[in-house]
Amino acid sequence: VKHAATFAAARADLRGVVGLVPTMGFLHEGHLSLLDAARSACDTVVMSLFVNPLQFDRDDDLRRYPRDLERDLGLAEGAGVDVVFAPAVETMYPAQPLTRVTVATLTDHFEGPHRPGHFDGVATVVAKLFAGLRPDRAFFGRKDAQQLAVVRRMAADLSFPIDVVGAPIVREPDGLALSSRNVFLDPEQRTAALALNRGLAAAADAAEQGARQAADLVEPVTTELAAFPLLEPEYVALASQDTVEPIETLDRPAFLAVAAWAGPTRLIDNVHLDAAGGGFVADRGVRLDHPSVLYQEG
Ligand code: PAF
């Protein structure tokens, strides 16, 4: 795998249909599934690895975000990545950027109000990656449901000729959605964290069995969360996939999303409810049958 630190160096090795997988590193199987999808749909795969200071709303979160370039280069190599674009902060932002990309409305609810400036940071850095690397396709996980909607809309609004592809959540064997931040959970927090997926799974069953009221889908999640006093929920809500507005009735493609703190670690998870055959089918994600590479030593 080639390790490039500038846009020009990265672009020099890109041929044919180019797939981009943007990451902040500390890779897990969620990222690896995006790399696989890119590998099978594209001629060259470039993975960006950049912990983007612009999208962190909390300094402590930015400071403690896990990083290990050597480890990530090894995993990228194993996944058949052609180029890892890992720029320094000074390369990505040679000066304080005076231009920011803001996606209105889609960021009004859920993660937006809880993480001021976050989506401007994401939209700005992804626009820079799109402009600088010029991929044909770009791959994002459904775990960050609102981010996926924001990136799709940003690409359309700014006329980037790039296909934005969403991929299912990858879960640990016990159902916990993979996140690089899972390495921070202590055993008690980790047990409590499973409540998010348990609640969503119950809601997914309800939706497939015909439940249509947001309140009836939210209820199983809040009930599961309430069993663990150490969890501090921020929201549980049903949202339209396109507009990311809260909806009262499941009558269009939607996702049921949850955010909660487990101690100092913020967790998010969701289940997408996709229209199919006159009803809705839940995307519960995929479960690993082995411990995640997140927990592998060295
Ligand atoms: O999802 C992420 O890891 C980041 O938000 C992204 C898309 C790489 C932008 O920094």
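These figures come from a predicted structure and were not determined experimentally. All ligand and atom numbering here is 1-based and tracks the order in the structure.
Residue-ligand proximity, Val125 to ligand 1, at heavy-atom distances under 4.0 Å covers atoms 9 (C), 10 (O). Heavy-atom proximity to Gln55, at under 4.0 Å, picks out these atoms of ligand 1: 4 (C), 5 (O), 9 (C), 10 (O). Ligand-side atoms of ligand 1 in range of Pro22: 8 (C), range being under 4.0 angstrom from any heavy atom.
Of the options Arg15, Arg39, Lys2, a side chain to side chain donor-acceptor pair (under 3.5 Å) to Asp82 is made by Arg39 and by none of the others.
Although no hydrogens or angles enter the test, the distance criterion places no donor-acceptor pair under 3.5 Å between the side chain of Glu224 and the main chain of Ala195.
The protein heavy atom nearest to atom 3 (O) of ligand 1 is Met24 CG, 3.6 Å.
Contacts between Thr23 and ligand 1 below 4.0 angstrom, taking non-hydrogen atoms only, involve the backbone exclusively.
Taken to the nearest 0.5 Å, the CG atom of Leu75 stands 8.5 Å off from the CE atom of Met47.
Note on Leu273: it clusters hydrophobically with Val221, by side-chain heavy-atom contacts below 4.5 Å among ILVMFWY residues.
For the residue pair Tyr93/Asn52, the side-chain donor-acceptor check at 3.5 Å is satisfied. Looking at Asn270 and His272, their side chains do bring a donor and an acceptor atom within 3.5 Å of each other.
Taking distance alone, with nitrogen or oxygen atoms compared against 3.5 Å, Gln147 approaches ligand 1 more closely than that limit. Taking distance alone, with nitrogen or oxygen atoms compared against 3.5 Å, Asn52 stays at or beyond that limit from ligand 1.
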